[in-house]
Amino acid sequence: MTQNPEQIAATVARLRATFLTGRTRPVAWRTAQLHALRAMLTEQGAELAAALHADLGKSEPEAYRTEIDFTVREIDHTLDHLDAWLRPEPAPVPAHLGADATAWTQADPLGVVLVIAPWNYPAQLLLAPLVGALAAGNAVVVKPSELAPATSAALARLLPAHLDTETVAVVEGGVPETTALLAERFDHIFYTGNGTVGRIVMRAAAEHLTPVTLELGGKSPAFVDAGTDLDVVADRLVRGKFLNAGQTCVAPDYVLTDPATAAALEPALAAAVEKVYGPDPRTAPHYSRIVNERHFDRLTALLGSGRVVTGGGSDRAAKYVAPTVLADVDPKAPVMQEEIFGPILPIVTVDGLDEAIAFVTDRDKPLALYVFSASDDTRRRFAAETSSGGLGYGLPLAHLTVPDLPFGGVGESGMGNYHGRWSLETFSHRKAVLDKPLA
Ligand code: NAD
């Protein structure tokens, strides 16, 4: 159910009043909320999985792996470490303050925070930030994506049934509701989605001097070096790219390689698509659908770039776009002008390592960069000479499953990060404390 601006203002005011009572501060409250969220996921996971299937054609195993169980692991990791993360961290004190002075930092809750989620992993990308916000002792408003309506409705039903409704509120809706939310004062806004809306969020936040985390996207390149095992590379690229029909923020957006390697990689990619999705991917139960007609039309317009190696087919009524590999793609082609965010993998050729690195650094800083190379020098050069939110050697996507790694972008791919301890830092204020005894 959506709310009008007055109801939204009242919701935020109610959460703020509760926060000011101190209810969310005790660690016991935080862990109770995390256990309740965990129970929601384990007991009602099937309901969420069904919603994810309705919105994106996501198969049940994939819904559990990439959204439900993913969030359960995030909760377990947080529950295991929260006491340690919340322990005050001592800081060395300079001599001029005397030997009896001590200093430390402590993580303070921020207050009332807003989490705005997108449609592509509509449960995970709402719930994983919520885990961090609760662990840090905040009251939280969550706004699911209206483009994944079944998941939004399921979350709006399930979250209030399991969590403390005086401190966690779900506001459903699209632009009007989000605009009304952004007019309110929050203590932090955590936004996942595209850069255009990211700018709207940041402008609105500036009115209240509210800090923001922006988890955005962009074109994440995959460099494939000469002399690598192309069957292994193709298998990993295909699994990473076509998961959720390519609608993954850290999916390899395009392949960058030299012409000879490209020629050998083409049949390897075609074979890997057939191995993973069978001869007719339309019938593969684990192959997702495009979220809506607008994105379907956007994607099919990109199929004309370059030469089709495999795939290329589509069916608007079924919102199906085949896993597609395009070769001989001109860097000026439409498919190379925007984040693809769908099941289309272009191969762009470059002449050697210097040109590959220049190709990456000439463009916006990506959310992820993948390097498939056995050469230590090549690996080192990408690490030293390029900037990206994350860097994956040999395996796309997987860095974001390492709970102690921060997940986030840089430049156009975003600002700030989260997961595990990094979430606690994002949703806390690290207060500096000095103690000089009076006597
Ligand atoms: P989306 O359309 O669902 O929008 C995201 C949120 O913004 C929604 O909750 C929506 O209601 C809100 N919104 C839309 N227009 C708005 C407006 N004018 N004012 C205020 N709020 C508004 O999702 P999307 O943006 O299409 O998501 C895809 C993008 O997100 C891609 O670029 C992808 O790479 C990126 N993404 C990033 C991550 C990450 O973790 N870094 C994860 C997933 C997706």
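One-based numbering, in listed order, for ligands and for the atoms of each. Values in this document were obtained by computation on a predicted structure and should not be read as measured data.
Only the side chain of Asn120 comes within 4.0 Å of ligand 1, counting heavy atoms alone; its backbone N, CA, C and O stay farther away. When non-hydrogen atoms are compared, ligand 1 lies under 4.0 Å from the backbone of Ala117 (N, CA, C, O) but not from its side chain. Residue Val201 does not touch ligand 1, judged by heavy-atom distances below 4.0 Å. Residue Thr192 touches ligand 1 through backbone and side chain together, judged by heavy-atom distances below 4.0 Å. Residue-level proximity to ligand 1 for Leu125 is carried by the side chain, the only part with a heavy atom below 4.0 angstrom. Contacts between Phe341 and ligand 1 below 4.0 angstrom, taking non-hydrogen atoms only, involve the side chain exclusively.
Ranking the protein heavy atoms by distance from atom 2 (O) of ligand 1 puts Leu147 CD1, 3.4 Å first. Closest to atom 1 (P) of ligand 1 among all protein heavy atoms lies Trp119 CD1, 3.5 Å. Of the protein's heavy atoms, Thr178 CG2, 3.5 Å lies nearest to atom 20 (C) of ligand 1. Looking at atom 10 (C) of ligand 1, its nearest protein heavy atom turns out to be Glu146 OE1, 3.4 Å. Closest to atom 42 (C) of ligand 1 among all protein heavy atoms lies Cys249 SG, 3.0 Å. Of the protein's non-hydrogen atoms, the one nearest atom 31 (C) of ligand 1 is Glu339 OE1, 3.4 Å. Distance from atom 35 (C) of ligand 1 to its nearest protein heavy atom, with residue and atom name: Gly193 O, 3.3 Å. Looking only at protein heavy atoms, the nearest one to atom 25 (O) of ligand 1 is Asn194 ND2, 2.6 Å.
Side chain of Ser220 to backbone of Ala368: a donor-acceptor contact under 3.5 angstrom is found. Proximity of a side-chain donor or acceptor of Lys58 to a complementary backbone N or O of Asn244 within less than 3.5 Å is not detected. In terms of modelled atom types and a separation under 3.5 Å, the side chain of Asp258 and the main chain of Val350 share no donor-acceptor contact.
Taking the six-membered ring where the residue is Trp, the centroids of Trp85 and Phe427 are separated by 6.0 Å or more.
Of all atoms in ligand 1, listed by their number and element, those nearer than 4.0 Å to a heavy atom of Val197 are 7 (O), 13 (N), 14 (C), 15 (N), 16 (C), 20 (C), 21 (N), 22 (C).
Across the listed options Leu367, Thr179, Leu216, Leu182, Leu216 owns the non-hydrogen atom lying nearest to atom 37 (C) of ligand 1. With distances taken over non-hydrogen atoms, the option nearest atom 12 (C) of ligand 1 out of Leu214, Ile116, Leu181, Thr196 is Ile116.
For Asp187 and Arg16, the salt-bridge test passes: some basic side-chain N is under 4.0 Å from an acidic carboxylate O.
Rounded to the nearest 0.5 angstrom, Leu369 CG and Thr386 OG1 are separated by 5.0 Å. Rounding to the nearest 0.5 Å gives a distance of 11.0 Å between CD of Glu62 and OH of Tyr287. How far NZ of Lys143 is from CG of Leu114: 9.5 Å, rounded to the nearest 0.5 Å.
Using a non-hydrogen distance threshold of 4.0 Å, Tyr121 does not register as a contact of ligand 1.
The environment of CH2 in Trp29 is crowded: more than 12 heavy-atom neighbours from other residues, nucleotides or ligands sit within 6.0 Å.
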